[in-house]
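Below, chain A is the first sequence line, B the second, and so on; all start at residue 1. All values below were derived from every heavy atom in this structure, side-chain atoms included, with hydrogens, water molecules and symmetry-related copies excluded.
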There are 2 protein chains.
Amino acid sequence: MRQAEGPTRARNAVATRSAILSAARSRFAEEGYDAASVRGIAGEAGVDPALVLRYFGSKEELLAAVLAESGSVRDLLEGPREDFGARAARMLLLDPVEDHKLAVLQIILRSASSARAGPLVRRNTQERFYEPIEAWLGGPDAQIRARAVGAIIMGAALSRAIDNNGLEDEADRLGLAGRLAETLQLAIE
Amino acid sequence: MRQAEGPTRARNAVATRSAILSAARSRFAEEGYDAASVRGIAGEAGVDPALVLRYFGSKEELLAAVLAESGSVRDLLEGPREDFGARAARMLLLDPVEDHKLAVLQIILRSASSARAGPLVRRNTQERFYEPIEAWLGGPDAQIRARAVGAIIMGAALSRAIDNNGLEDEADRLGLAGRLAETLQLAIE
DNA sequence: TCAGTCAGTCAACGGTCGGTGACTTATGGG
DNA sequence: CCCATAAGTCACCGACCGTTGACTGACTGA
(Lines give C-alpha, C1' and ligand atoms only; values in the text may rest on other atoms or scores of the structure.)
Protein backbone atom coordinates (compact mmCIF):
# COMPACT_ATOMS: atom_id res chain seq x y z
CA MET A 1 0.00 0.00 0.00
CA ARG A 2 3.08 2.26 -0.10
CA GLN A 3 3.33 4.47 -3.13
CA ALA A 4 3.36 1.97 -5.97
CA GLU A 5 3.44 4.41 -8.85
CA GLY A 6 5.98 6.36 -10.79
CA PRO A 7 8.62 8.79 -9.66
CA THR A 8 6.54 11.45 -7.93
CA ARG A 9 3.50 10.41 -5.99
CA ALA A 10 4.22 12.47 -2.95
CA ARG A 11 2.71 15.90 -2.58
CA ASN A 12 -0.57 14.75 -4.08
CA ALA A 13 -3.24 15.69 -1.60
CA VAL A 14 -6.16 13.78 -3.09
CA ALA A 15 -4.12 10.57 -3.47
CA THR A 16 -2.83 10.91 0.09
CA ARG A 17 -6.29 11.50 1.46
CA SER A 18 -7.58 8.48 -0.43
CA ALA A 19 -4.71 6.30 0.79
CA ILE A 20 -5.42 7.30 4.39
CA LEU A 21 -9.13 6.56 3.99
CA SER A 22 -8.40 3.16 2.48
CA ALA A 23 -5.93 2.24 5.19
CA ALA A 24 -8.32 3.46 7.87
CA ARG A 25 -11.14 1.36 6.46
CA SER A 26 -9.09 -1.84 6.53
CA ARG A 27 -7.58 -1.17 9.97
CA PHE A 28 -10.91 -0.23 11.54
CA ALA A 29 -12.49 -3.32 9.95
CA GLU A 30 -9.77 -5.71 11.11
CA GLU A 31 -9.09 -4.35 14.59
CA GLY A 32 -12.07 -2.19 15.52
CA TYR A 33 -11.98 1.50 16.35
CA ASP A 34 -10.22 1.35 19.71
CA ALA A 35 -7.53 -1.17 18.80
CA ALA A 36 -6.74 0.46 15.48
CA SER A 37 -4.14 3.16 16.08
CA VAL A 38 -3.56 6.36 14.15
CA ARG A 39 0.07 5.30 13.89
CA GLY A 40 -0.90 1.96 12.37
CA ILE A 41 -3.24 3.57 9.87
CA ALA A 42 -0.55 6.05 8.89
CA GLY A 43 1.98 3.23 8.53
CA GLU A 44 -0.28 1.27 6.20
CA ALA A 45 -0.92 4.41 4.15
CA GLY A 46 2.80 5.21 4.05
CA VAL A 47 2.27 8.55 5.71
CA ASP A 48 3.30 10.41 8.83
CA PRO A 49 0.87 9.91 11.75
CA ALA A 50 0.48 13.63 12.26
CA LEU A 51 -0.65 14.00 8.67
CA VAL A 52 -3.66 11.78 9.34
CA LEU A 53 -4.96 14.17 11.97
CA ARG A 54 -4.06 17.15 9.80
CA TYR A 55 -6.35 15.79 7.11
CA PHE A 56 -9.24 14.60 9.24
CA GLY A 57 -9.05 16.53 12.48
CA SER A 58 -9.34 13.60 14.87
CA LYS A 59 -9.50 9.82 14.91
CA GLU A 60 -13.25 9.98 15.41
CA GLU A 61 -13.74 12.28 12.42
CA LEU A 62 -11.62 9.89 10.38
CA LEU A 63 -14.03 7.07 11.27
CA ALA A 64 -16.96 9.29 10.32
CA ALA A 65 -15.34 9.95 6.93
CA VAL A 66 -14.81 6.23 6.38
CA LEU A 67 -18.44 5.47 7.19
CA ALA A 68 -19.69 8.37 5.08
CA GLU A 69 -17.83 7.37 1.92
CA SER A 70 -19.08 3.79 2.12
CA GLY A 71 -22.27 2.85 0.39
CA SER A 72 -25.23 1.71 2.42
CA VAL A 73 -26.85 -1.69 2.40
CA ARG A 74 -29.11 -0.50 -0.40
CA ASP A 75 -27.50 -2.43 -3.25
CA LEU A 76 -28.02 -5.63 -1.29
CA LEU A 77 -31.75 -4.97 -1.42
CA GLU A 78 -31.90 -4.45 -5.16
CA GLY A 79 -33.23 -7.47 -6.99
CA PRO A 80 -36.11 -9.92 -6.67
CA ARG A 81 -37.40 -10.28 -3.16
CA GLU A 82 -37.54 -14.06 -3.46
CA ASP A 83 -33.77 -14.12 -4.08
CA PHE A 84 -32.85 -11.91 -1.13
CA GLY A 85 -31.70 -14.74 1.13
CA ALA A 86 -29.39 -16.22 -1.47
CA ARG A 87 -27.95 -12.81 -2.44
CA ALA A 88 -27.29 -11.83 1.15
CA ALA A 89 -25.81 -15.19 2.11
CA ARG A 90 -23.48 -15.12 -0.89
CA MET A 91 -22.24 -11.63 -0.05
CA LEU A 92 -21.78 -12.45 3.61
CA LEU A 93 -20.04 -15.81 3.27
CA LEU A 94 -18.58 -16.13 -0.23
CA ASP A 95 -17.72 -12.69 -1.61
CA PRO A 96 -14.11 -11.56 -1.15
CA VAL A 97 -13.36 -9.91 2.16
CA GLU A 98 -12.06 -6.79 0.42
CA ASP A 99 -15.65 -5.87 -0.38
CA HIS A 100 -16.38 -2.45 1.06
CA LYS A 101 -19.82 -3.51 2.29
CA LEU A 102 -18.20 -6.31 4.27
CA ALA A 103 -15.62 -3.91 5.68
CA VAL A 104 -18.31 -1.56 6.93
CA LEU A 105 -20.15 -4.46 8.55
CA GLN A 106 -16.96 -5.50 10.31
CA ILE A 107 -16.38 -1.95 11.49
CA ILE A 108 -19.89 -1.92 12.91
CA LEU A 109 -19.65 -5.16 14.82
CA ARG A 110 -16.12 -4.49 16.09
CA SER A 111 -16.69 -0.87 17.12
CA ALA A 112 -20.33 -0.71 18.20
CA SER A 113 -19.48 -1.29 21.86
CA SER A 114 -16.61 1.18 21.92
CA ALA A 115 -17.14 3.98 24.40
CA ARG A 116 -15.72 6.58 22.03
CA ALA A 117 -17.00 5.40 18.64
CA GLY A 118 -20.11 3.51 19.73
CA PRO A 119 -22.64 6.34 19.46
CA LEU A 120 -21.44 7.33 16.00
CA VAL A 121 -21.39 3.74 14.80
CA ARG A 122 -24.82 2.94 16.21
CA ARG A 123 -26.34 6.05 14.67
CA ASN A 124 -24.79 5.17 11.32
CA THR A 125 -26.02 1.60 11.60
CA GLN A 126 -29.54 2.74 12.32
CA GLU A 127 -29.64 5.22 9.44
CA ARG A 128 -27.75 3.29 6.77
CA PHE A 129 -28.57 -0.30 7.67
CA TYR A 130 -31.76 -0.88 9.62
CA GLU A 131 -33.87 1.94 8.21
CA PRO A 132 -33.28 1.03 4.53
CA ILE A 133 -34.13 -2.59 5.29
CA GLU A 134 -37.24 -1.47 7.16
CA ALA A 135 -38.37 0.72 4.26
CA TRP A 136 -37.67 -2.05 1.76
CA LEU A 137 -39.67 -4.58 3.75
CA GLY A 138 -42.68 -2.38 4.38
CA GLY A 139 -45.78 -3.61 6.14
CA PRO A 140 -46.92 -3.36 9.74
CA ASP A 141 -44.14 -5.32 11.43
CA ALA A 142 -41.39 -3.83 9.27
CA GLN A 143 -39.27 -2.66 12.21
CA ILE A 144 -39.33 -6.02 13.92
CA ARG A 145 -38.68 -7.95 10.72
CA ALA A 146 -35.81 -5.59 9.86
CA ARG A 147 -34.31 -6.25 13.27
CA ALA A 148 -34.61 -10.00 12.83
CA VAL A 149 -32.93 -10.08 9.43
CA GLY A 150 -30.35 -7.54 10.61
CA ALA A 151 -29.44 -9.72 13.56
CA ILE A 152 -28.88 -12.72 11.30
CA ILE A 153 -26.75 -10.64 8.94
CA MET A 154 -24.67 -9.39 11.87
CA GLY A 155 -24.24 -12.90 13.21
CA ALA A 156 -23.15 -14.26 9.85
CA ALA A 157 -20.65 -11.44 9.39
CA LEU A 158 -19.35 -11.94 12.92
CA SER A 159 -18.97 -15.67 12.48
CA ARG A 160 -16.96 -15.14 9.33
CA ALA A 161 -14.88 -12.32 10.75
CA ILE A 162 -13.89 -14.26 13.84
CA ASP A 163 -12.64 -17.51 12.37
CA ASN A 164 -14.01 -17.79 8.81
CA ASN A 165 -16.94 -19.80 10.19
CA GLY A 166 -14.57 -22.52 11.35
CA LEU A 167 -14.99 -24.22 7.99
CA GLU A 168 -12.08 -25.32 5.82
CA ASP A 169 -13.71 -26.61 2.65
CA GLU A 170 -15.37 -24.47 0.06
CA ALA A 171 -18.15 -27.07 -0.11
CA ASP A 172 -18.89 -26.56 3.60
CA ARG A 173 -19.03 -22.81 3.12
CA LEU A 174 -21.49 -23.34 0.28
CA GLY A 175 -23.60 -25.55 2.50
CA LEU A 176 -23.62 -22.96 5.28
CA ALA A 177 -24.52 -20.25 2.78
CA GLY A 178 -27.47 -22.33 1.62
CA ARG A 179 -28.73 -22.81 5.18
CA LEU A 180 -28.35 -19.14 6.05
CA ALA A 181 -30.08 -18.19 2.81
CA GLU A 182 -33.12 -20.14 3.98
CA THR A 183 -33.21 -18.47 7.38
CA LEU A 184 -32.70 -15.01 5.86
CA GLN A 185 -35.52 -15.63 3.43
CA LEU A 186 -37.76 -16.81 6.26
CA ALA A 187 -36.94 -13.71 8.29
CA ILE A 188 -38.19 -11.29 5.64
CA GLU A 189 -41.47 -13.05 4.97
CA MET B 1 -20.56 -4.02 44.77
CA ARG B 2 -18.42 -2.66 47.61
CA GLN B 3 -18.48 -4.76 50.69
CA ALA B 4 -22.15 -4.82 51.56
CA GLU B 5 -21.96 -7.13 54.52
CA GLY B 6 -21.29 -6.93 58.22
CA PRO B 7 -18.41 -5.37 60.07
CA THR B 8 -15.47 -7.40 58.80
CA ARG B 9 -15.51 -8.67 55.27
CA ALA B 10 -11.94 -7.70 54.42
CA ARG B 11 -9.17 -10.27 54.73
CA ASN B 12 -11.38 -13.02 53.37
CA ALA B 13 -9.54 -14.57 50.49
CA VAL B 14 -12.34 -16.61 48.99
CA ALA B 15 -14.82 -13.73 49.15
CA THR B 16 -12.27 -11.37 47.61
CA ARG B 17 -11.49 -13.79 44.83
CA SER B 18 -15.18 -14.24 44.13
CA ALA B 19 -15.77 -10.48 44.09
CA ILE B 20 -12.94 -10.00 41.61
CA LEU B 21 -14.29 -12.76 39.37
CA SER B 22 -17.77 -11.27 39.46
CA ALA B 23 -16.55 -7.77 38.68
CA ALA B 24 -14.33 -9.11 35.90
CA ARG B 25 -17.24 -10.97 34.34
CA SER B 26 -19.42 -7.88 34.20
CA ARG B 27 -16.64 -5.58 32.99
CA PHE B 28 -15.44 -7.98 30.32
CA ALA B 29 -19.04 -8.47 29.19
CA GLU B 30 -19.86 -4.78 29.03
CA GLU B 31 -16.63 -3.42 27.59
CA GLY B 32 -14.77 -6.35 26.06
CA TYR B 33 -11.36 -7.61 27.07
CA ASP B 34 -9.23 -4.76 25.74
CA ALA B 35 -11.38 -1.87 26.94
CA ALA B 36 -11.96 -3.38 30.38
CA SER B 37 -9.10 -2.29 32.62
CA VAL B 38 -7.64 -4.06 35.61
CA ARG B 39 -8.11 -0.81 37.51
CA GLY B 40 -11.79 -0.72 36.58
CA ILE B 41 -12.33 -4.31 37.60
CA ALA B 42 -10.59 -3.70 40.90
CA GLY B 43 -12.67 -0.59 41.47
CA GLU B 44 -15.94 -2.47 40.91
CA ALA B 45 -14.75 -5.23 43.24
CA GLY B 46 -13.69 -2.68 45.87
CA VAL B 47 -10.14 -3.94 45.84
CA ASP B 48 -6.65 -2.67 45.12
CA PRO B 49 -5.66 -3.12 41.43
CA ALA B 50 -2.44 -4.89 42.35
CA LEU B 51 -4.45 -7.47 44.25
CA VAL B 52 -6.21 -8.55 41.08
CA LEU B 53 -2.93 -9.54 39.45
CA ARG B 54 -1.73 -11.08 42.70
CA TYR B 55 -4.72 -13.41 42.69
CA PHE B 56 -4.82 -14.28 39.00
CA GLY B 57 -1.33 -13.66 37.67
CA SER B 58 -2.28 -11.60 34.64
CA LYS B 59 -5.28 -10.01 32.96
CA GLU B 60 -5.38 -12.84 30.45
CA GLU B 61 -5.41 -15.51 33.16
CA LEU B 62 -8.22 -13.59 34.84
CA LEU B 63 -10.26 -13.85 31.66
CA ALA B 64 -9.47 -17.55 31.47
CA ALA B 65 -10.73 -17.97 35.03
CA VAL B 66 -13.94 -16.11 34.21
CA LEU B 67 -14.58 -18.29 31.18
CA ALA B 68 -13.71 -21.47 33.09
CA GLU B 69 -16.13 -20.83 35.96
CA SER B 70 -19.01 -20.14 33.61
CA GLY B 71 -21.23 -22.95 32.49
CA SER B 72 -21.35 -23.91 28.86
CA VAL B 73 -24.30 -23.64 26.51
CA ARG B 74 -25.34 -27.11 27.55
CA ASP B 75 -28.34 -26.16 29.69
CA LEU B 76 -29.76 -24.31 26.71
CA LEU B 77 -29.84 -27.61 24.85
CA GLU B 78 -31.71 -29.51 27.52
CA GLY B 79 -35.35 -29.93 26.72
CA PRO B 80 -37.50 -30.97 23.77
CA ARG B 81 -35.87 -30.37 20.43
CA GLU B 82 -39.02 -28.89 18.99
CA ASP B 83 -38.93 -26.13 21.63
CA PHE B 84 -35.29 -25.19 21.09
CA GLY B 85 -36.00 -22.07 19.05
CA ALA B 86 -38.41 -20.66 21.60
CA ARG B 87 -36.11 -21.48 24.55
CA ALA B 88 -33.09 -19.90 22.89
CA ALA B 89 -34.96 -16.81 21.73
CA ARG B 90 -36.37 -16.26 25.21
CA MET B 91 -32.95 -16.52 26.82
CA LEU B 92 -31.34 -14.26 24.25
CA LEU B 93 -33.95 -11.50 24.12
CA LEU B 94 -36.07 -11.65 27.26
CA ASP B 95 -34.10 -13.11 30.14
CA PRO B 96 -32.42 -10.58 32.48
CA VAL B 97 -29.03 -9.38 31.33
CA GLU B 98 -27.43 -10.48 34.59
CA ASP B 99 -27.68 -14.04 33.37
CA HIS B 100 -24.23 -15.60 33.37
CA LYS B 101 -24.82 -17.33 30.03
CA LEU B 102 -25.62 -13.98 28.47
CA ALA B 103 -22.52 -12.44 30.03
CA VAL B 104 -20.29 -15.12 28.55
CA LEU B 105 -21.87 -14.59 25.14
CA GLN B 106 -21.18 -10.87 25.39
CA ILE B 107 -17.59 -11.54 26.38
CA ILE B 108 -17.21 -13.74 23.32
CA LEU B 109 -18.60 -11.30 20.80
CA ARG B 110 -16.84 -8.29 22.31
CA SER B 111 -13.44 -9.93 22.76
CA ALA B 112 -13.16 -12.43 19.91
CA SER B 113 -11.35 -9.97 17.67
CA SER B 114 -8.93 -8.80 20.35
CA ALA B 115 -5.33 -9.47 19.47
CA ARG B 116 -4.49 -10.52 23.04
CA ALA B 117 -7.61 -12.41 24.12
CA GLY B 118 -8.88 -13.55 20.72
CA PRO B 119 -7.17 -16.94 20.57
CA LEU B 120 -8.29 -17.86 24.09
CA VAL B 121 -11.83 -16.70 23.47
CA ARG B 122 -12.10 -18.46 20.12
CA ARG B 123 -10.77 -21.71 21.55
CA ASN B 124 -13.25 -21.46 24.42
CA THR B 125 -16.08 -20.71 22.03
CA GLN B 126 -15.25 -23.72 19.89
CA GLU B 127 -15.04 -26.11 22.85
CA ARG B 128 -17.87 -24.83 25.00
CA PHE B 129 -20.29 -23.48 22.40
CA TYR B 130 -20.03 -24.92 18.91
CA GLU B 131 -18.95 -28.45 19.80
CA PRO B 132 -21.79 -29.08 22.30
CA ILE B 133 -24.30 -27.79 19.77
CA GLU B 134 -22.76 -29.99 17.10
CA ALA B 135 -22.92 -33.07 19.31
CA TRP B 136 -26.49 -32.29 20.30
CA LEU B 137 -27.57 -31.89 16.68
CA GLY B 138 -25.86 -35.02 15.36
CA GLY B 139 -26.20 -36.17 11.79
CA PRO B 140 -23.99 -35.68 8.76
CA ASP B 141 -24.16 -31.90 8.44
CA ALA B 142 -23.91 -31.30 12.18
CA GLN B 143 -20.94 -28.97 11.93
CA ILE B 144 -22.57 -26.77 9.33
CA ARG B 145 -25.90 -26.71 11.11
CA ALA B 146 -24.16 -25.86 14.39
CA ARG B 147 -22.42 -22.97 12.69
CA ALA B 148 -25.70 -21.70 11.25
CA VAL B 149 -27.56 -21.74 14.55
CA GLY B 150 -24.48 -20.37 16.33
CA ALA B 151 -24.31 -17.42 13.95
CA ILE B 152 -27.96 -16.57 14.60
CA ILE B 153 -27.42 -16.81 18.36
CA MET B 154 -24.40 -14.52 18.11
CA GLY B 155 -26.30 -12.04 15.99
CA ALA B 156 -29.23 -11.95 18.38
CA ALA B 157 -26.93 -11.45 21.37
CA LEU B 158 -25.02 -8.73 19.52
CA SER B 159 -28.19 -6.92 18.50
CA ARG B 160 -29.38 -6.88 22.09
CA ALA B 161 -25.99 -5.93 23.50
CA ILE B 162 -25.52 -2.98 21.16
CA ASP B 163 -28.82 -1.15 21.56
CA ASN B 164 -31.33 -3.55 23.08
CA ASN B 165 -32.53 -4.40 19.56
CA GLY B 166 -33.64 -0.81 19.06
CA LEU B 167 -37.06 -1.74 20.43
CA GLU B 168 -38.80 0.13 23.20
CA ASP B 169 -41.94 -1.85 23.87
CA GLU B 170 -42.04 -5.22 25.54
CA ALA B 171 -44.59 -6.29 22.92
CA ASP B 172 -42.08 -5.57 20.14
CA ARG B 173 -39.43 -7.60 21.92
CA LEU B 174 -41.88 -10.46 22.19
CA GLY B 175 -42.59 -10.22 18.49
CA LEU B 176 -38.90 -10.24 17.64
CA ALA B 177 -38.37 -13.22 19.94
CA GLY B 178 -41.13 -15.09 18.11
CA ARG B 179 -39.57 -14.41 14.73
CA LEU B 180 -36.09 -15.40 15.86
CA ALA B 181 -37.51 -18.54 17.46
CA GLU B 182 -38.77 -19.58 14.03
CA THR B 183 -35.44 -18.99 12.31
CA LEU B 184 -33.54 -20.78 15.09
CA GLN B 185 -35.88 -23.74 14.82
CA LEU B 186 -35.44 -23.82 11.05
CA ALA B 187 -31.66 -23.71 11.44
CA ILE B 188 -31.51 -26.90 13.51
CA GLU B 189 -33.76 -28.94 11.27
C1' DT C 1 13.23 35.90 -8.82
C1' DC C 2 11.13 35.46 -4.70
C1' DA C 3 7.69 35.26 -1.29
C1' DG C 4 3.59 32.71 0.00
C1' DT C 5 1.26 28.54 0.36
C1' DC C 6 0.74 23.91 1.27
C1' DA C 7 2.19 18.89 1.88
C1' DG C 8 4.72 16.54 4.94
C1' DT C 9 8.05 15.84 9.24
C1' DC C 10 9.46 15.78 13.91
C1' DA C 11 9.70 15.72 18.86
C1' DA C 12 7.23 16.08 22.59
C1' DC C 13 2.97 16.42 25.80
C1' DG C 14 -0.18 14.33 29.16
C1' DG C 15 -2.66 10.28 30.06
C1' DT C 16 -3.74 5.38 30.59
C1' DC C 17 -2.47 0.86 30.44
C1' DG C 18 -0.62 -3.96 32.42
C1' DG C 19 2.59 -5.37 35.45
C1' DT C 20 6.34 -5.45 39.44
C1' DG C 21 8.21 -5.53 43.89
C1' DA C 22 8.84 -3.69 48.30
C1' DC C 23 6.07 -2.39 51.87
C1' DT C 24 2.36 -2.49 55.88
C1' DT C 25 -1.20 -4.67 58.54
C1' DA C 26 -4.34 -7.96 60.42
C1' DT C 27 -5.06 -12.86 61.88
C1' DG C 28 -4.72 -17.07 64.07
C1' DG C 29 -1.97 -21.10 65.82
C1' DG C 30 1.74 -22.20 69.22
C1' DC D 1 1.06 -13.04 74.27
C1' DC D 2 3.87 -13.20 69.99
C1' DC D 3 5.20 -13.69 65.72
C1' DA D 4 5.07 -16.14 61.06
C1' DT D 5 2.33 -15.55 57.37
C1' DA D 6 -1.34 -14.46 54.52
C1' DA D 7 -3.93 -10.32 52.83
C1' DG D 8 -3.82 -6.03 51.22
C1' DT D 9 -1.35 -1.37 49.89
C1' DC D 10 1.68 1.66 47.60
C1' DA D 11 4.78 3.88 44.38
C1' DC D 12 6.61 3.18 40.26
C1' DC D 13 8.09 1.25 35.55
C1' DG D 14 8.10 1.07 30.47
C1' DA D 15 5.06 1.05 26.60
C1' DC D 16 1.69 2.93 23.85
C1' DC D 17 -2.00 6.07 22.94
C1' DG D 18 -4.19 10.57 20.53
C1' DT D 19 -2.98 15.00 19.82
C1' DT D 20 -0.25 19.34 19.31
C1' DG D 21 2.55 22.85 17.34
C1' DA D 22 6.72 24.28 15.51
C1' DC D 23 9.35 23.05 11.83
C1' DT D 24 11.21 21.84 6.67
C1' DG D 25 11.03 21.76 1.90
C1' DA D 26 8.98 22.09 -2.53
C1' DC D 27 5.99 24.03 -5.82
C1' DT D 28 3.75 28.39 -8.07
C1' DG D 29 1.94 32.72 -9.35
C1' DA D 30 3.09 37.56 -9.46
### Summary
note: Leu53(A), atom CG; dC13(C), atom P; distance rounded to Å ~ 18 Å
### Message
Can you see if the side chain of Tyr55(B) gets near the phosphate of dA7(D) - specifically, an N or O under 4.0 Å from OP1 or OP2?
### Response
no
### Query
Counting only heavy atoms not in Glu168(A), do more than 12 sit closer than 6.0 Å to its CD atom?
no
#### Entry: Shortest side-chain distance from Asp48(A), nucleotide among dG8(D), dT20(C), dT9(C)
dT9(C)
### Query
Rounded to whole angstrom units, what separation is found between the CZ atom of Arg39(B) and the P atom of dC13(D)?
14 Å
### Query
Please give, in whole Å, the distance from dG18(D) P to Glu61(A) CD?
15 Å
### Query
Atom CG of Leu62(A) to atom P of dG18(D): distance rounded to whole Å?
11 Å
#### Entry: Check ion pair Arg179(B)-Glu182(B) (N to O, under 4.0 angstrom)
no
## Note on the structure
Closest of dA22(D), dG19(C), dG18(D) to the Arg54(A) side chain is dA22(D)
### Task
Return the value, rounded to whole Å, for the distance between atom CG of Leu51(A) and atom P of dT20(D).
15 Å
### Task
Look at Thr16(A) and dG8(C) and indicate whether a side-chain polar atom (N or O) is within less than 4.0 Å of OP1 or OP2.
yes
### Summary
dA30(D) -> Watson-Crick or G-U wobble partner, both distances under 3.5 Å, gives dT1(C)
#### Entry: Arg81(A) charged N/C atom sitting above Trp136(A) aromatic ring, 6.0 Å / 45°
yes
### Query
What is the distance from CZ of Phe56(B) to P of dG19(C), rounded to the nearest Å?
14 Å
## Note on the structure
Ranking dC10(D), dG18(C), dC17(D) by distance to the side chain of Ala50(B), first place goes to dC10(D)
### Task
Select base, sugar-phosphate, or nothing to describe what Ala35(B) touches, counting heavy atoms under 4.0 Å on all strands.
nothing
### Query
When you measure from the side chain of Thr183(A) to the backbone N and O of Leu180(A), does any donor-acceptor pair fall under 3.5 Å?
yes
### Query
When rounded to the nearest 0.5 angstrom, what distance separates CE in Met91(B) from CD1 in Ile153(B)?
6.5 Å
### Query
What's the CD-P distance between Glu31(B) and dG18(C), to the nearest Å?
10 Å
### Query
For Ser58(B) and dG18(C), is the shortest distance between a side-chain N/O and OP1 or OP2 below 4.0 Å?
no
## Note on the structure
Out of dT9(C), dG18(C), dG18(D), minimum distance to the side chain of Val38(B) belongs to dG18(C)
### Query
Which nucleotide in the list dT19(D), dA22(D), dA7(D) gets nearest to the side chain of Ala13(B)?
dA7(D)
### Task
Nearest whole angstrom, please: distance from the C1' of dC17(C) to the CD of Glu60(B).
15 Å
### Task
Tell me what Ala36(B) touches on the nucleic acid: a base, only sugar-phosphate, or nothing, going by heavy atoms under 4.0 Å.
sugar-phosphate
